[in-house]
Amino acid sequence: MPKIFAFLMVFIFSFALLPQETAPAEETEPDKAAEETAPEQAAEEEKPADVAPSEEPAAAEPAPEKEAEPENNTPENTETAAENAETTEKEEELQDGQEFIAEEEPTTDAPLVKIQQGKPVKYFELYGYFNVANTFSYNMKLSGNNPYMASRNTINNVVTDETTGERVTRSTNEHVLNWAWLKLHLEPVINIAETMEIHTKLSIFGNTAMGADNYEFDKKENGLLRDAQLSTSANIVFEGLWGVFDTPIGQLKVGRMPFSWGLGILYSDGNKFNTLSSGNYLDRLQLTIPVMGFKIIPAFDLASTGLLDKYHDYFIDASQKDDGFNVSLMFTMQEDDPAVLENKILNEKTVVEVGAMVMFSWKNTSSGEWAKSDENGGDVEPTSDHFVDPDKVYAYTGQGAKLWKLDAWLNLHYKIFSLKTELAFLTGTIGKIRLDDGREKSVKTQMVGWAADLGFRVIPKKFHIGLLTGIASPDDADYVQGDSWSTPGNSINNSSTKSDRTVENFRFNKDYNFNSALWNNFLGRFTAGYYASLTATYFFLDSLKGYVGTTYSMALKENNSLGGKGLPNAIEPFIGIDYANKSGMRLGTRYQIGIPFSGLDTDEHDTSLFHYLNVYLGVVF
């Protein structure tokens with residue numbers, strides 16, 4: 001039903017896009033004529049004196065009139081006289097009471113974006129960037145404590161045991177990991193008409209390391225030393241496709257579109273230069289209604305379709321019962337043009353921007369694989385299948401997910417000071433778990449996250465100081481900082497005697513960057529802690545800047561850290577330089593060293609120093 005309602009809305013709004021037929025009215029004809037002849041009259045007034053009609057100079061100076069005759073007999077003036085005579089004949093042929101409407105002369109200085117016959121001159125626009133980079137890391141495995149590095153204990157040396165003579169594996173002490181990557185990100189825009197656009201986003205080689213293939217491991221039949229990549233890799237990834245329609249009440253967007261909100265701690269369009277991420281996309285129906293400088297934005301999302309069915313040569317939704325949805329209402333007041341905003345900031349004008357969002361997500365039923373068991377007859381287990389496997393049996397299970405997301409942000413620019421902040425709060429239920437005694441219980445969530453970005457332009461466009469800081473609510477469970485990608489993950493347990501069924505640790509968006517190699521590049525998502533990053537930036541030129549700073553992070557509860565050994569995670573000094581000219585060229589480098597504390601130690605290992613170096617080159621267009 002929610003999907004049917006959404007498509008009915010699209011159908012209704014489509015009527016507003018149809019061309020409107022209006023009956024001709026006599027009283028409007030003179031206005032049209034005046035509008036169309038106005039450019040000609042203006043052109044006559046702007047003509048220089050040497051091509052003015054000969055009668056006026058003749059009246060003022062009778063003597064030189066003969067000298068002006070040859071000038072009036074030039075081909076240009078002769079052609080003008082013929083056109084005037086033709087116009088006079090057309091006026092005489094009209095019946096009494098009819099108004100003569102002159103034909104509009106084509107303009108030669110029309111802007112590229114002018115609409116002609118319902119289509120813009122600039123039909124196709126292309127934006128994007130090309131980026132090639134190399135990343136060097138030392139001790140990215142965090143001395144074996146990085147829970148996301150599958151290779152930290154799995155890739156070993158093969159040696160011969162001196163005692164038994166058998167070939168066995170021994171763990172390696174490889175600390176250096178180095179890889180290169182390139183990415184071409186494209187954002188084409190097709191202007192169908194003045195009120196209709198089609199947008200898309202795609203990345204070429206956006207998830208492929210150079211010299212390798214991400215989707216198939218090396219086999220002997222591929223060659224012991226390959227010099228070419230496999231052709232089966234999905235190296236072209238289409239990330240978004242949506243249409244934009246201008247209606248009488250606002251702008252309608254339909255499709256899979258990027259979504260970024262505030263600073264990006266909850267939702268972020270992380271597809272930025274010198275990153276491998278693609279950001280957050282939603283299959284959404286969204287209407288933006290401008291009201292007195294504000295914007296009211298209702299939206300409906302098809303969040304999940306559950307299992308798919310391969311029907312002939314395409315896929316369809318296998319069931320309506322396991323679908324999930326979002327409905328949201330947003331309110332914003334902000335400057336739409338970045339160039340205008342930058343100009344106001346440089347002129348030290350006060351700028352205030354605000355936004356608020358309420359989102360409700362629900363999914364009543366989920367589906368999974370039916371797994372038979374000798375103990376209790378059978379159970380429904382989660383499945384990673386994207387579409388139905390005919391050799392398996394699937395079944396429904398109650399999920400009862402009802403989640404509220406409340407988020408507000410504020411941007412304040414005052415003279416040489418700026419403040420950007422965002423506060424997010426989540427509450428509700430996200431599903432059910434089966435306790436060890438067979439009972440089912442709902443999993444609840446209640447978490448909060450906050451971030452701030454403060455800037456101080458000590459010498460505008462020369463020397464700036466910035467501070468990034470934020471906090472993510474903790475949880476009572478152990479080791480949640482090492483399990484921030486899973487929901488609920490370690491935050492709950494299924495004990496029937498001492499059960500923990502509430503997820504409380506807020507997880508920052510994976511694409512929110514706060515100058516930490518530990519969290520942004522090694523672990524991935526900041527949670528259950530506090531961070532602060534101080535940066536000083538000096539502009540050598542408008543296009544060349546250097547910066548230096550340091551980042552500190554810690555857990556809010558000792559048992560939340562990777563090994564439960566302490567609160568502080570690490571302090572990470574960094575230095576870098578960036579070059580960006582007006583033609584779009586970008587290049588730079590960044591180095592960061594991590595000094596670990598007890599929050600990164602475990603019972604098995606103590607984490608030692610880690611290093612991160614990134615060098616990049618590219619162009620933005």
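Predicted model only: the values in this text are computed from it and were never measured. All values below were derived from every heavy atom in this structure, side-chain atoms included, with hydrogens, water molecules and symmetry-related copies excluded.
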Mark yes or no for whether Glu348, through its side chain, and Ile416, through its backbone, hold a donor-acceptor pair below 3.5 Å.
no
Is the ring centre of Trp404 less than 6.0 Å from the ring centre of Phe360?
yes
Quick one about Asn145 and Ser143 (side-chain donor to acceptor, distance below 3.5 Å, no hydrogens or angles considered), yes or no?
no
Sequence-distant partners of Lys295, salt bridge (Lys or Arg N to Asp or Glu O under 4.0 Å), two or more places apart:
Asp336
Ring geometry between His611 and Tyr138 (parallel below 30°, tilted from 30 to 60°, perpendicular above 60°):
perpendicular
With a 6.0 Å cut-off on the ring centroids, do Phe325 and Trp362 count as close?
yes
Indicate the ring-plane relationship of Phe508 and Phe526, choosing parallel, tilted or perpendicular according to the 30° and 60° boundaries.
perpendicular
Scan residues 575-603 for pairs that pass salt bridge (charged side-chain N to carboxylate O under 4.0 Å, His left out), counting only residues two or more places apart or in two chains.
Lys565-Asp603
Could you check whether Glu187 pairs with Lys201 (Lys NZ or Arg NE/NH1/NH2 to Asp/Glu carboxylate O, under 4.0 Å)?
yes
For the backbone of Leu609 and the side chain of Asn139, can you confirm whether one donor and one acceptor N or O come within less than 3.5 Å of each other?
yes
Check for a donor-acceptor pair, side chain of Thr421 on one end and backbone N or O of Ala451 on the other, with a separation under 3.5 Å.
yes
Report yes if the distance between the aromatic ring centroids of Phe456 and Phe417 is under 6.0 Å, otherwise no.
no
Using the salt bridge (Lys or Arg N to Asp or Glu O under 4.0 Å) criterion, which residues pair with Asp478? Sequence neighbours excluded.
none
Within the distance-only criterion (no hydrogens, no angle test), does the side chain of Gln399 pair as donor or acceptor with the backbone N or O of Ile430 below 3.5 angstrom?
yes
Looking at residues at least two apart in the chain, or sitting in another chain, which of them share a salt bridge (Lys or Arg N to Asp or Glu O under 4.0 Å) with Lys510?
none
Check the orientation of Tyr129 and Phe273. Use parallel for under 30°, tilted for 30 to 60°, and perpendicular for over 60°.
perpendicular
Output all residues satisfying salt bridge (Lys or Arg N to Asp or Glu O under 4.0 Å) with Glu335, sequence neighbours left out; order by chain, then residue number.
Lys344
Salt bridge flag under 4.0 Å for residues Lys557 and Asp475
no
With no hydrogens and no angle check, do the side chains of Ser516 and Glu572 hold a donor and an acceptor under 3.5 Å apart?
yes
Donor-acceptor pair, Asp337 side chain versus Ala339 backbone, under 3.5 Å?
yes
Where do Thr135 and Trp181 come nearest, in terms of heavy atoms and distance?
OG1-NE1, 3.7 Å
For Gly240, is there any backbone N or O sitting under 3.5 Å from a side-chain donor or acceptor partner on Thr200?
yes
With sequence neighbours excluded, what pairs up with Phe539 under the ring-ring contact (aromatic ring centres under 6.0 Å, His included) test?
His464
Distance alone, cut at 3.5 Å: any donor-acceptor contact between the side chains of Tyr148 and Ser484?
yes
Sub-6.0 Å ring centroid separation between Tyr538 and Tyr547:
no
Tell me, with the steps shown, if Leu252 and Val244 meet side chain to side chain contact (heavy atoms under 4.5 Å, CB included).
CA-CA 6 Å; Leu252 178 68; Val244 180; over 6 Å; no
Rounded to the nearest 0.5 angstrom, the OH-CE distance for Tyr530 and Met554 is 9.0 Å
Does one side chain, of Glu125 or Tyr127, offer a donor that lies under 3.5 Å from an acceptor on the other?
yes
